[in-house]
Visitor: 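Got a structure for you, written out below as structure tokens; questions coming shortly.
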Amino acid sequence: MEARLYRAWLERRLFHADPDDPREPYSLVIPPPNVTGSLHLGHALNNTLQDALARHHRLRGLNVCWLPGTDHAGIATQVVVERELASQGKTRHDLGREAFVDQVWEWKARSGARIIEQLQALGASCDWERERFTMDPGLSRAVREVFVRLYGEGLIYRDNFLVNWCPRCITVLSDLESPHRPVAGRLYRIRYPLSDGSGAIEVETTRPETLLGDTAVAVHPDDERYRDLVGKTARLPLLGREIPIVADDFVDREYGSGAVKVTPGHDPNDFACGQRLGLEVISILHPDGRLNENAGPYAELPVAEARERVLADLERDGLLLGSTEHAHEVPHCDRCDTVVEPLVSEQWFMKMESLARPALDAVRDGRTVFHPRNWEKTYFHWLENIQPWVISRQLWWGHRIPAWRCEACQHWTVALEDPTACEACGSDSLAQAEDVLDTWFSSALWPFSTFGWPEATRELEVFYPTRVLSTGHDIIFFWVARMMMLGLHFMEDVPFRDVYIHPLIRDAEGKKMSKSRGNVIDPLEIMSNHGTDALRYTLVSLAAQGRDIKLGESQLDGGRAFVTKLWNAARFALMNLEDFEPGATGGERSLYDRWIRWRLDVALREFDTALEAYRFNDAASVLYRFVWGELCDWYIELAKLALQGEDADARRTTQATLVTVLRGALTALHPIMPFVTDEIAASLPDADGSFLLEHTYPEPEVPLEAAAAEEMEALVTVIGRIRQIRGELGLPPRSPVRVLFPTAARDRIEPHEAALRALTRCAPPVFSDAAPSETASVFDAVGGTVRVEVDDPNLLADEVRRLEKDLGKREKDLAQASRKLDNPKFVERAKPEVVEAEREKFERLRGECAAVSERLERLRRAAGSAA
RNA sequence: UGGCACGUAGCUCAGUGGGAGAGCACCACCUUGACACGGUGGGGGUCGGCGGUUCAAUCCCGCCCGUGCCAACCA
């Protein structure tokens with residue numbers, strides 16, 4: 001039924017948002033999935049949560065706009081398509097740029113379409129008429145506009161700087177794209193002879209091949225051991241270049257020998273040191289990771305091979321003094337896992353400090369709030385220590401940088417429209433930059449580029465800022481922070497009021513699932529095994545704040561059972577509604593009718609409260625408890641009396657309540673399980689061909705008055721106790737037990753006699769104030785002592801054991817209460833209502849203990865005489 | 001090295017400054033005209049450890065242990 005329903009929703013345009021709709025707007029933009037492949041469970045979770053929010057707010061009468069789309073995912077997609085080519089033994093260079101990009105567009109068409117299908121299969125209520133792709137003409141125009149404006153403001157600039165370089169992808173990477181991974185390496189100690197022959201200085205390194213690019217040896221300025229050497233030169237092993245011995249306080253005197261080789265061309269620390277001291281920068285690497293001509297005899301060797309050769313040659317020359325095992329953290333390419341080489345390269349950068357400040361302020365002063373709040377610390381820490389962002393990439397798939405270099409004067413012309421002449425010298429020999437932009441550049445504009453920026457559209461006016469962004473904590477830096485910065489800069493307002501950070505879904509072993517890494521689970525498979533609604537319910541019920549989700553397939557059984565339970569409850573209702581006449585009224589509604597209607601209101605209110613706080617798991621459990629624990633366990637059982645009874649009025653009244661409450665429950669559940677709820681709702685006798693989303697939640701009634709609520713509570717207590725007594729005695733559910741009430745309870749019990757008998761299978765209740773028989777179980781309810789009598793003397797021993805245990809528990813509680821009340825400090829300092837409650841508890845327990853022990857005595861005597 | 005989480009029933013996890021909860025699993029009974037993907041009842045936890053604050057701590061604070069994540073220029 002899922003595909004049929006979804007098609008019907010689309011035909012009815014239920015998800016389309018009109019900016020001129022006068023109702024209060026509620027907007028959100030989808031985190032655009034990468035067009036690398038298909039959706040995994042993390043997408044299923046995030047989009048289920050967003051869909052629940054979107055549908056919920058539609059049901060609350062808001063003008064909801066959920067904007068969908070996909071991301072071109074520059075490097076990720078390029079790597080995937082390159083892999084595909086590699087399986088045919090080809091590289092992108094075999095195709096050339098244009099043909100390769102065409103091929104990626106083909107991939108995008110296939111993958112993008114599959115993703116949209118999956119989102120729709122999940123039930124996502126996106127406004128598909130607003131679907132966007134980050135490389136659409138409109139969004140590309142926004143990218144260009146932003147680049148040109150930031151360049152004009154001096155925030156985008158070119159620089160020659162030490163960057164992370166992936167020699168396999170042959171591109172620069174940002175720090176975020178170069179995560180550190182532990183590597184078991186070796187630390188080598190190498191001897192650098194002094195040029196004057198007066199000795200040598202020893203250094204340590206994990207990357208011996210980099211010595212080919214060394215331009216100094218550094219020591220700490222206050223290090224007595226080396227004071228005399230500063231200013232002298234050392235002879236670089238293998239190449240024989242003379243390099244200065246310099247002093248810089250970045251050197252740690254305690255580490256190794258206290259002297260460090262300086263390779264400004266291939267180490268971030270050394271680069272900074274080189275800049276301070278004006279050292280020469282030598283690059284020894286080709287872009288593809290082989291050594292270049294500066295490496296002398298090692299030129300053209302790959303790094304790993306060069307390392308071996310360098311070590312062997314050092315050994316030969318007697319300059320390798322030894323090595324030790326050394327575990328350290330090495331940056332790797334986020335996409336292909338190749339070891340990243342730091343090297344100096346001329347790239348486009350974005351200056352971040354001035355953009356970061358407003359983004360920090362906006363969260364500090366609460367214009368944007370994270371849920372849960374603790375992620376704000378992560379956000380602050382990163383923005384407070386922000387570094388320039390390398391935005392250029394040596395890739396082919398992405399937004400080409402709108403900059404043209406003049407071949408005559410080398411000036412860069414950056415412009416909105418393709419220039420025909422150099423803006424500096426007027427020459428017409430211009431060449432556009434080959435590089436594309438980091439994919440996150442366009443992602444950063446998503447909340448406003450998708451609504452038509454830089455045009456001043458009606459959509460931007462109404463739907464920006466969006467209400468909430470739902471995403472994973474793994475992209476707070478990559479994406480959330482950058483949207484905040486650019487949103488504030490260009491729109492002069494935050495891009496979203498709330499940031500909901502959803503849990504990460506891990507597999508059953510707790511391992512992370514990730515996009516282009518292979519351990520992803522296809523949600524479609526789970527959806528076909530368990531049903532989409534079951535998957536959605538399970539995901540929502542697991543989305544608690546502050547902990548990631550370990551998801552095994554077994555956890556989906558609960559969701560499926562709940563869907564089935566709902567379905568069966570509806571089946572029961574339909575069986576009993578065959579002669580339902582809409583609008584027909586019978587007599588007054590029963591207590592049961594009024595009670596369940598009130599419980600529905602309470603559940604709806606609690607559901608709304610939970611969702612407003614993004615407490616999805618609470619929202620799910622509120623409805624679970626209502627549907628299963630109240631509607632099915634109590635109301636339906638009680639309603640059977642009227643529905644299957646003789647009284648036509650009572651039957652009609654109960655039918656009316658059943659329809660109202662069931663429809664209310666379906667509406668409430670709709671944001672979580674949209675398919676089954678609409679399917680059931682369409683079959684209810686009051687159905688008019690509309691969908692649940694075309695209505696709003698039922699208005700709450702006047703709350704059930706306290707006396708009625710208490711009456712219902714008493715009935716539940718009595719039934720529960722009778723079941724418990726029978727259960728504890730191990731009696732079959734139908735075994736005859738006699739229930740005796742005090743005569744004073746007659747007025748309260750008699751109206752519920754049928755319910756009592758139906759739900760406990762007891763004999764007709766008797767009203768009597770006679771003393772309980774020796775074997776009766778007793779408890780207090782309905783304003784007196786209720787007795788449950790069982791005639792089987794064989795049960796005496798069991799009952800004695802049960803009572804002993806029961807007494808033990810009560811006496812322990814009594815002792816605890818008594819200790820508290822004897823403590824003058826407690827009585828004096830605790831809140832009065834707490835003390836009062838403790839007193840009442842004490843009195844109650846004392847009475848209960850006395851009653852139980854008295855009865856226990858009687859039973860023991862009876863058991864003795866029976867024996 | 002620093003930061004942030006997490007450590008509660010066999011498992012997966014909620015939760016709270018005043019008598020420990022859910023789902024699944026387990027045990028007993030029940031094939032009752034919605035539902036065995038069900039019903040009723042039950043067993044099971046010194047709430048990671050040690051201190052501190054408090055009349056009162058599973059909850060707040062500190063330290064420690066364990067797990068995970070993130071950020072990091074110790075060659």
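Residue numbers begin at 1 in each chain, while the letters A, B, ... track the order of the sequences.
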Visitor: Can you say whether a donor on the side chain of A:E637 sits under 3.5 Å from an acceptor on the base of B:A34, or the other way round?
Guide: yes

Visitor: Determine whether more than 12 heavy atoms belonging to other residues, nucleotides or ligands lie under 6.0 Å from atom CD of A:E646.
Guide: no

Visitor: Heavy atoms only, 4.0 Å cut-off, all strands: where does A:R615 land among base, sugar-phosphate and nothing?
Guide: sugar-phosphate

Visitor: Mind checking whether A:W440 and A:F478 have parallel, tilted or perpendicular rings, split at 30° and 60°?
Guide: parallel

Visitor: Which parts of nucleotides 70-75 of chain B does protein reach within less than 4.0 Å, heavy atoms only, written one letter per nucleotide 5' to 3' as B for base, S for sugar-phosphate only and - for none?
Guide: SSBBBB

Visitor: Measuring from the side chain of A:Q644 (C-beta onward, heavy atoms only), which nucleotide among B:A14, B:U12, B:A34 has the closest atom?
Guide: B:A34

Visitor: With a cut-off of less than 4.0 Å, is there a side-chain N or O of A:K820 near OP1 or OP2 of B:G18?
Guide: no

Visitor: Please report whether the ring centroid of A:Y624 lies less than 6.0 Å from that of A:F562.
Guide: yes

Visitor: Dot-bracket notation for RNA chain B is requested: 5' to 3', Watson-Crick or G-U wobble pairs only, both distances under 3.5 Å, with ( ), [ ], | and . as defined.
Guide: (((((((..((((....[..)))).(((((.......))))).....(((((..]....))))))))))))....

Visitor: Between A:K565 and B:G39, is there a side-chain N or O to OP1/OP2 distance below 4.0 Å?
Guide: yes

Visitor: Taking the side chain of A:R506 as heavy atoms from C-beta outward, which of B:C4, B:G15, B:C69 is closest to it?
Guide: B:C69

Visitor: Does the separation of the ring centres of A:F271 and A:F161 fall below 6.0 angstrom?
Guide: yes

Visitor: With a 4.0 Å cutoff (strictly under), does any side-chain N or O of A:R547 reach OP1 or OP2 of B:G7?
Guide: yes

Visitor: Base, sugar-phosphate, or nothing for A:R723, non-hydrogen atoms under 4.0 angstrom?
Guide: sugar-phosphate

Visitor: Can you check whether A:Q555 has a side-chain N or O nearer than 4.0 Å to OP1 or OP2 of B:G23?
Guide: no

Visitor: What's the closest nucleotide to the side chain of A:F572 if the choices are B:A14, B:A34, B:C4?
Guide: B:A34

Visitor: OP1 or OP2 of B:G39 less than 4.0 angstrom from a side-chain nitrogen or oxygen of A:W628, does that happen here?
Guide: yes

